[in-house]
**Student:** 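Okay, handing you the structure first.
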Amino acid sequence: MKNIKKIAAIVLAVVLTALAFAGCGEKKSLTATEGKLVMATNASFPPYEFKEGENYAGIDVEIAGKIADKLGLELEIKDVEFGSIIGGVQSGKFDMGMAGMTVTEERKKSVNFTDSYATGIQSVIVKEDSTIKSLDDLKGDGSMKFGVQQDTTGDIYASSSTEEGGYGEENIVRYKTGNEAVLALASGKVQAVIIDNEPAKSYVKSTAGLKILDGSWVEEQYAIAISKDNSELLEKVNGALKELIDDGTVKSIIDKYIAAE
Ligand code: GLN
């Protein structure tokens with residue numbers, strides 16, 4: 001009798017173990033690390049993402065927090081160079097990239113994008129006393145240098161040829177962050193900085209002697225980048241995003257950081 005019980009217990013243990021393993025095979029975790037949503041960003045892009053002491057703040061950070069809550073995941077933020085976000089998402093190192101990131105056809109070849117949650121425009125910052133008075137004064141003839149944040153759409157557009165509407169590769173100076181580009185402008189290393197409008201406003205406010213030229217270059221859509229290999233995550237994030245847009249959460253977060261104009 002004792003032996004039968006023992007054998008039954010062993011058989012049960014083997015069956016349960018087998019079932020557990022089978023379960024693992026079938027249901028893989030939604031994100032790379034069970035229970036976590038790892039977001040890659042470049043936290044030098046106020047008001048979308050910036051550091052407040054040791055913490056991250058901004059529109060993207062708050063929206064991502066709400067998405068993570070809805071998915072029952074813990075948000076973890078990785079602050080990396082803007083140009084390494086797409087590759088990291090593609091390789092599965094990060095679950096998503098959220099960085100005021102513009103949807104472009106080129107990027108769509110590497111990653112999927114969620115629905116858009118905000119609009120951005122490219123602006124031009126110059127010194128207050130600059131001889132550059134309007135967008136028409138911008139020239140790709142070697143008389144001025146343009147500072148951009150490396151790998152952003154501002155970089156891509158500005159460094160295209162004059163025929164394509166840009167100012168030519170040779171007139172572009174690339175910086176790792178928008179902040180560095182703006183500092184270079186303030187110290188006269190470049191004569192204009194091309195960057196998204198909201199960070200532009202933020203930088204102009206925090207740096208003396210700068211202004212934004214009237215008019216905008218291009219209008220863009222911001223969305224979250226997710227690996228092409230994780231369509232389940234794309235679907236879930238889109239679902240959460242839709243709820244947050246529909247119930248006004250996204251709007252109230254944006255309004256909180258961007259004073260209604
Ligand atoms: N919207 C721009 C882009 O996607 C800039 C984003 C950023 O610098 N964080 O390239």
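The shown structure was predicted, so the numbers you read here are calculated from the model rather than taken from an experiment. Index from 1, following the sequence. All ligand and atom numbering here is 1-based and tracks the order in the structure.
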**Student:** Do Lys211 and Glu128 meet the salt-bridge criterion of a basic N to acidic O distance under 4.0 Å?
**Tutor:** no
**Student:** How long is the span from the CD1 atom in Ile195 to the CG atom in Asp155, to the nearest 0.5 Å?
**Tutor:** 11.0 Å
**Student:** Is a salt bridge present between Lys36 and Glu76, judged by a nitrogen-to-oxygen distance below 4.0 Å?
**Tutor:**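 Salt bridge: yes.
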**Student:** Please work out whether the ring planes of Phe146 and Tyr167 are parallel, tilted or perpendicular, with thresholds of 30° and 60°.
**Tutor:**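 Rings of Phe146 and Tyr167: parallel, as their planes differ by under 30°.
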**Student:** Please determine if Glu106 and Lys108 form a salt bridge, counting it only when a charged side-chain N lies under 4.0 Å from a carboxylate O.
**Tutor:**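 No, no charged N to carboxylate O under 4.0 Å.
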**Student:** So which protein residues pack against ligand 1 under 4.0 Å, heavy atoms counted?
**Tutor:** Phe45, Phe82, Ala99, Gly100, Met101, Thr102, Arg107, Gln149, Thr152, Thr153, Asp196, Glu220, Tyr222
**Student:** Give a yes or no on whether a salt bridge exists between Arg174 and Glu169, defined as a side-chain N under 4.0 angstrom from a carboxylate O.
**Tutor:** yes
